[in-house]
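First the proteins, then the strands, lettered A, B, ... as listed; each starts at 1.
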Protein chains: 2
Amino acid sequence: MSETRVRNAAAEDALDAQIGYNLRRASALALNDFSVEMAETSLRPVTYAMLALIDERPGVRAAELCRLLGMKSANMAPLLGELEERGLIARDDHAEDKRVQELNLTESAKAAMPAWRRKVRRHEERFLQRLSRNERATLLRLLRLIWVDEAE
Amino acid sequence: MSETRVRNAAAEDALDAQIGYNLRRASALALNDFSVEMAETSLRPVTYAMLALIDERPGVRAAELCRLLGMKSANMAPLLGELEERGLIARDDHAEDKRVQELNLTESAKAAMPAWRRKVRRHEERFLQRLSRNERATLLRLLRLIWVDEAE
DNA sequence: TATTGTTATACTCTATAACTATA
DNA sequence: TATAGTTATAGAGTATAACAATA
């Protein structure tokens, strides 16, 4: 059996050589590490992402948040309810279009956000410790080539 | 406001600059594309990964398969049952240790595997179309730096 | 005592469909 | 008709705990 074959599969077809599989494993590890670092905040990756984006785009519409995060509004609704109940966001009525909700962080969430961002930075530092600064920049660029829509 | 800031967050802390977030988005896109390509085979990423590894390591123990795929045996058990019912794998008794199951592909699965691997290659080709050959190799290396245990 | 494998169960994420209100 | 948002529900992935059989 040649070196270019992994048992029964050509090396290029081996599971370990598949980028999709390695994306899933790396993502699972990152998810896990995130929940360890953020446990005390009761924020999950999705809820943190929502807060971070609302922080970066005050007044963003719920539908726009769905689009930006690649979520269905049916799945977003209960999460917005959760964040509102916890006093982290406000759903404000749009002036002209009564269908629209404008999302904003509460003062309490605004105050907490810098510390949460620092925690996330520590989490990234930990699960990326084997990558150099340059490698991290490269990885970021390549990941965005995969999923970011060219049209945007 | 300086160019180095994304609204309220320093650029390095912006959601879009987080590798964990981008891993999750890229992985979700890959998952989605996988299920489109593999729909007619009724194989999901997990079940395909199990078959591919059993193909690459005939006779692998169930516990070893769990370890290699990062799964809990409690979650593996029903999937092995599914694959056995579909006539794709056999769970053979170990000669010396009666607790152990040795996993093998059936003849029918062995015959189908090359076509399934080709379909997965097409899927990878599609969701990675914006990455060059070199970039794909780099991405693979960086992803494995994140999740593959140094001890192995 | 530890390991292999199973069952039961709960939680999160995601997908679809049906719905209300508004444009 | 189309869009914004909600509710209900089902499927898949993953986590823990309790268990039986074997080492």
Side-chain angles (χ1 to χ4, degrees), chain A residues 20-21 23-36 38-39 42-50 54 59-85 89-103 147, chain B residues 20-21 23-25 27-36 38-39 42-50 59-85 89-103 147:
Chain A
Y21 171 67
L23 270 175
R24 193 155 54 87
R25 295 300 300 267
S27 181
L29 185 138
L31 261 303
N32 228 39
D33 191 85
F34 185 99
S35 66
V36 168
M38 303 297 280
S42 298
L43 290 176
R44 286 155 288 150
V46 192
T47 44
Y48 172 79
M50 291 165 65
I54 297 172
V60 65
R61 299 170 176 212
E64 177 75 352
L65 194 61
C66 287
R67 194 185 61 77
L68 290 168
L69 293 177
M71 294 173 65
K72 309 280 184 188
S73 59
N75 299 322
M76 174 79 76
L79 297 178
L80 287 174
E82 175 191 334
L83 294 175
E84 190 178 40
E85 272 195 13
I89 65 163
R91 296 193 260 196
D92 303 320
D93 292 338
H94 185 87
E96 287 112 44
D97 190 335
K98 287 186 180 174
R99 295 170 304 179
V100 173
Q101 296 179 350
E102 291 183 339
L103 305 174
W147 77 266
Chain B
Y21 171 67
L23 270 175
R24 194 155 54 86
R25 295 300 300 268
S27 181
L29 185 139
L31 259 303
N32 228 38
D33 191 84
F34 185 99
S35 66
V36 168
M38 303 296 281
S42 298
L43 290 176
R44 288 154 287 148
V46 193
T47 44
Y48 172 79
M50 291 166 64
V60 66
R61 299 169 177 215
E64 176 75 352
L65 193 62
C66 287
R67 195 185 61 77
L68 290 168
L69 294 177
M71 294 173 65
K72 310 280 183 188
S73 60
N75 299 322
M76 174 79 75
L79 298 178
L80 288 174
E82 176 191 334
L83 293 176
E84 191 179 39
E85 272 196 13
I89 65 163
R91 295 193 261 195
D92 302 321
D93 292 338
H94 185 85
E96 286 112 45
D97 189 336
K98 286 187 180 174
R99 295 171 305 180
V100 172
Q101 295 180 352
E102 291 182 340
L103 304 174
W147 77 267

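Rounded to whole Å, the distance from CG on B/Asp33 to P on C/dT14 is 17 Å. In this structure, B/Arg99 places its CZ atom 14 Å from P of C/dT6, rounding to the nearest Å. Atom-to-atom, CG of A/Leu80 to P of D/dG5 comes out at 9 Å; the value is rounded to the nearest Å. What separates CG of A/Leu103 from C1' of D/dT6 is a distance of 14 Å, to the nearest Å. Remark: C1' of D/dT3 and CD of A/Gln101 are 13 Å apart, rounded to the nearest angstrom. Remark: C1' of C/dT4 and CZ of B/Arg67 are 15 Å apart, rounded to the nearest angstrom. Counting to the nearest Å, the C1' atom of D/dT6 and the NZ atom of A/Lys98 are 19 Å from each other. One atom, CE of A/Met50, and another, P of C/dT12, lie 14 Å apart when rounded to the nearest Å.
Residue A/Ile89 holds its CD1 atom at 5.0 Å from CD1 of A/Ile54, rounded to the nearest 0.5 Å.
Scanning for salt bridge (charged side-chain N to carboxylate O under 4.0 Å, His left out) contacts around B/Asp92 gives an empty result, with sequence neighbours left out. Residues that satisfy the side-chain hydrogen bond (donor to acceptor under 3.5 Å, both in side chains) test with A/Arg61, not counting sequence neighbours, are absent from this structure.
For the pair B/Met50/B/Glu82, no side-chain contact is recorded, criterion being any heavy-atom separation below 4.5 Å from C-beta on. Taking the side chain as every heavy atom from C-beta outward, A/Leu80 and A/Glu84 never approach each other to under 4.5 Å. Proximity of A/Arg24 to B/Val46: side-chain heavy atoms (C-beta onward) are separated by under 4.5 Å at one or more points. Residues A/Leu79 and A/Arg44 meet the side-chain proximity criterion, which asks for heavy atoms closer than 4.5 Å.
For D/dT6, the OP1/OP2 oxygens have a side-chain nitrogen or oxygen of A/Arg91 closer than 4.0 Å.
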Between protein and nucleotides 12-17 of chain D, map the contacts as a letter string: B base, S sugar-phosphate only, - none, heavy atoms under 4.0 Å, written 5' to 3'.
-> SSBBBB
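If B/Ala77 and A/Asp97 are placed on DNA chain C by their nearest nucleotide, the residue sitting closer to the 5' end is B/Ala77.
Nucleic acid contact class of B/Glu96 (heavy atoms, under 4.0 Å, all strands): sugar-phosphate only.
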